[in-house]
Amino acid sequence: MSSNAFVSGFQTPSNALVGRRAELEIVDEVVSVSGAGTMLVEIVGDPWMGKTRLLGVLRERLELRGWATASARAAAGSGLPYQVFVDSLDDDVSRDAERVRDRLGTERAGTLASVLPGWDAVPRQMTKGDSTERYRAFRSVGLVLETMATSSGLLLIIDDAHHMDEASVALLAHLLRHPPDAPLVIALAYRPLQLDLRLEIVLRSVPEVTVSRRILLGPMPSEDLARLAPAGLNQIERQALVRLASGNPGVLQGLASAVTPMAGGFPGHRDIRELTIGIPPVLSAVPADDFGPLSELALLHARAAAVVGDPFDLAMLEAVAETDKHATFAGMDELLTHDIVRPAGSGGRFVFRDLVIRSQAYHAGRGIWRYGAHFRALAVLRERRASATRLAGHLEYVAGPDDRDGVALLEKAGRQAVFCSPGDAIRWFQTVLRLRAAHPSEPELRALLGQSLLLAGRFAESEATLDELLDDGALLSPEVRLVTLEWSAKARRLCGRWEEAEALVHAGLGELETSGLDLTPLWLELAALAADPPSRPVTDDLRHLLSRAAVHRDPFLRLRSRVLVAALAMDSVTDKHIRPLVSLFSSLSGQDRLCAMDSWYWLAEVIRRSGAFGAAARQFSAALSAADNAGQVHLRAPLAMGLSRTMIALGDPVRAAVWADYARDAVTRTVSGAAWFPVQRSRADTRLGLPEGNAFRPDSAPAEIPGAVGPPQPVVMPGEGADAGPRSCDSGRLAVLSQREAQIAELVSMGHTNQQMASALQLSHKTVETYLDRIFKKLEIASRAQIAYLVGVAVQPDQASRCAGDG
Ligand SMILES: Nc1ncnc2c1ncn2[C@@H]1O[C@H](COP(=O)(O)OP(=O)(O)OP(=O)(O)O)[C@@H](O)[C@H]1O
Ligand SMILES: [Mg+2]
């Protein structure tokens, strides 16, 4: 049987069908009940949801039972009446003419010529009035289907049925009203938003003699979609891709074609903003069929809309496409009819239906035309007094070295984006630096670029940028030097190179002592190093400075120092200390919280250390979500580790392992080769905490990651509302250790050698060994691994219910 036109536009997938269990059950039901008369199956879903794929499954399963198949794909604007019937039947009927004539008789067979142009007879012209002739031709097609059905049956597939021509719809309606006397399944796949009204009426009035089934293909669950992501991506990258695909397997496949797993892919570096405005990546693997039926006018508006970016409005479109209102309405009408764009709310604004279709529309325009279009978009936005960041989305492509105002605007936009969208800030600063090549020093801008790179989790680039700046030496003002040293130290601390970080801070403190500058940021870095395992010593100077900073006039420094004081447990932390910190933080705006991510992390960590695990988990996951949404990924690993440890304390080792692996993935592409003890430790803990025989396999439970699509969602805790407290009877055993012994136990659990501990704590090797002996004796254990386990589950039961409900 013919299968000539039954091809999906997508590249032949090598992957197996994923998920769709409920839909496959309906397919199975269709297969089992088919055989008694005519059955109609509708597969309905948005573009690229997998309709053709599912039709393929139905076909496979029926063919296995000996069914024959005739299939076609409706083509928009083919101009050929009965196109789907011609494509699915014509060849086979001509080839089998003898059998058809035998069955229909010569005269009746002659009527086929008015439907099937390949039929060897002179077609009789059918006119509107000649309904009898048409009826006879349709009856003949019904008989042809009976002839083609094997003893088992015939599957007639009409893919992309929303494009069916009027004549084909009329013939389909006839077949449903007068079902052929043979086992027949008519399977249609169509996009609901593009469904032709005539076909809709036919499908809504299927007579009762015809059994029908509808399969609605909605968005795929994220855990299924994640399985379609390319191999080689880690789970964070996979999640980012899944989030961008919004449940659509074809969109995922399209976006994935721009991912190069070994280089980190784009999900790690590109956020949704970069894909909805600005230049999208070129995507292969996805057919551009959607544009085929469009007129030149509609294509022009699609290209113009893609340059403007999501969302866009008609006035903007008119200006960028350089057409009048009338033409813009006509173009938009077509784009809406063909589901290329969709209304965005009720404000007269529109968006592309998905990121892939926008990318295709963008790259359909010639480069020079696009350049002009960006200019026109910019002019409209300037007239509208749009924000610097909105303007920058176009300026970055069109600003030239002589456009001083444009470059200044880009710089302004970059400054505004550092914390709330560091990915944008990086591109904009880089553009400014390129355009101002005549003045290469620009130290302040380069320092900001280094900060943005760090916030975006691009540690190596951040370090290189800041180091280069420090090498400039005399060119740096003390202010810029201070900032550069602070962020250089931060980069090293976040990569686990504590000694280097500490050395940098000390060098800065010495160098800038007489500068008259407020050195609090450097002191706070020292405090963070002291609070960050392995704890560096807290000197009297640091203590003094911290207590002064707690009343600093800068609210961010004030907040940071207060949280760090609590983290260092310089006072024994109690509910009394934590509550004001939580309410101080809660009073910050969303934007301010993004500028204080570091403090947010410490706040969650302090709450965890106090034993209020439910509240800690909420803070960690809220911080992780907010940071991810803003593209600030530098604290992903510590936040995920915090969650992992919290899960251990809550007696949920499986989830703890998921978060530990998430933390590992957060550093694999960013921290080159650094043996990152806290991450290793967190992972070791979770493995030790796992019940026997329940070893965690990273890919076995992606759905376990709360909020697997996109930013992790707040974790639903066991016993939500009242902290569940410790689950392990081992949890209190560490209480027998002295403060120093507990500190050493913590370092052991992180995988430190005796030598490393000796140098971190400024003790002799021998003393460390003595402490270890005492720890083994007191805890009645014999291995370092057991220490790690006990540290992982350690809690202070009397504090376990504190702060419940905070956050
Ligand atoms: N459940 C699935 N498992 C694996 N791959 C899938 C699945 N669903 C869809 N795909 C893949 O996604 C791509 C788009 O699917 P398909 O072509 O079937 O979409 P469609 O709904 O027919 O789109 P259109 O509306 O353009 O006809 C194809 O490459 C297909 O193989
Ligand atoms: Mg299809």
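Start at 1 and go down the list; that is how both ligands and their atoms are numbered.
- Which of Glu23, Arg227, His163, Lys51 comes nearest to atom 20 (P) of ligand 1 through a heavy atom is settled by distance: it is Lys51.
- When heavy-atom distances to ligand 1 are checked against a 4.0 Å cut-off, Leu228 comes that close only through its side chain, counted from C-beta outward.
- Considering both main-chain and side-chain atoms, Gly50 comes within under 3.5 Å of ligand 1 through a nitrogen or oxygen pair.
- Listed by number with element, the atoms of ligand 1 under 4.0 angstrom from any heavy atom of Leu17 are 1 (N), 2 (C), 3 (N), 4 (C).
- With ligand atoms numbered from 1 in the order given, ligand 1 contributes 8 (N), 9 (C), 10 (N), 12 (O) to contacts under 4.0 Å with heavy atoms of Pro249.
- Ligand 1 has Pro47 within reach: a non-hydrogen atom of the residue lies less than 4.0 Å from it.
- Formation of a donor-acceptor pair under 3.5 Å by the Gln83 side chain with backbone atoms of Ala75 is found in this model.
- By the 3.5 Å distance cut-off applied to N or O atoms, Trp48 is counted among the residues near ligand 1.
- The proximity of Ala189 to ligand 1, defined as any non-hydrogen pair under 4.0 Å, does not occur for either the backbone or the side chain.
- Side-chain contact check for Pro180 versus Val141: every heavy-atom pair is 4.5 Å or farther apart.
- Side-chain contact between Asp159 and Ser71 is absent, with no heavy atoms from C-beta onward closer than 4.5 Å.
- Short contacts between ligand 1 and Arg20, defined as distances under 4.0 Å to a heavy atom of the residue, involve ligand atoms 1 (N).
- Between His174 and Phe138, the two ring planes are perpendicular [angle over 60°; tilted spans 30° to 60°].
- Set against the non-hydrogen atoms of Arg191, the atoms of ligand 1 under 4.0 Å away are 24 (P), 25 (O), 26 (O).
- Between His163 and His338, the ring planes lie tilted relative to each other; the angle falls in the 30° to 60° range.
- For Arg213 (side chain) and Leu40 (main-chain N/O), no donor-acceptor pair under 3.5 Å exists by modelled atom type.
- Under the 3.5 Å distance criterion, with hydrogens and angles disregarded, a donor-acceptor pair is assigned to the side chains of Asp165 and Ser168.
- Just one of Asp310, Asp290, Asp46 meets the salt bridge (Lys or Arg N to Asp or Glu O under 4.0 Å) condition when paired with Arg353; it is Asp290.
- Atoms of ligand 1 found under 4.0 Å from any heavy atom of Val18, numbered from 1 in the order shown, are 1 (N), 2 (C), 3 (N), 4 (C).
- Scanning both residues, Asp160 and Ala74, for their nearest heavy atoms gives O-CB, 3.2 Å.
- Heavy-atom separations between Ala16 and ligand 1 include at least one value shorter than 4.0 Å.
- Checked for salt-bridge contact, Arg21 and Asp28 miss the test: no charged N lies under 4.0 Å from a carboxylate O.
- The proximity of Asp289 to ligand 1, defined as any non-hydrogen pair under 4.0 Å, does not occur for either the backbone or the side chain.
- Heavy-atom contacts of Gly250 reach the following atoms of ligand 1: 12 (O), 13 (C), 14 (C) (cutoff under 4.0 Å).
- Taking every non-hydrogen atom of Asp160 and a distance limit under 4.0 Å, the qualifying atoms of ligand 1 come out as 27 (O).
- With hydrogens and angles disregarded, no donor-acceptor distance shorter than 3.5 Å links the side chain of Ser421 to the backbone of Gly423.
- Of the N or O atoms in Asp159, none lie within a sub-3.5 Å distance of an N or O in ligand 1.
- Contacts with ligand 1 closer than 4.0 Å are made by heavy atoms of both the backbone and the side chain of Arg53.
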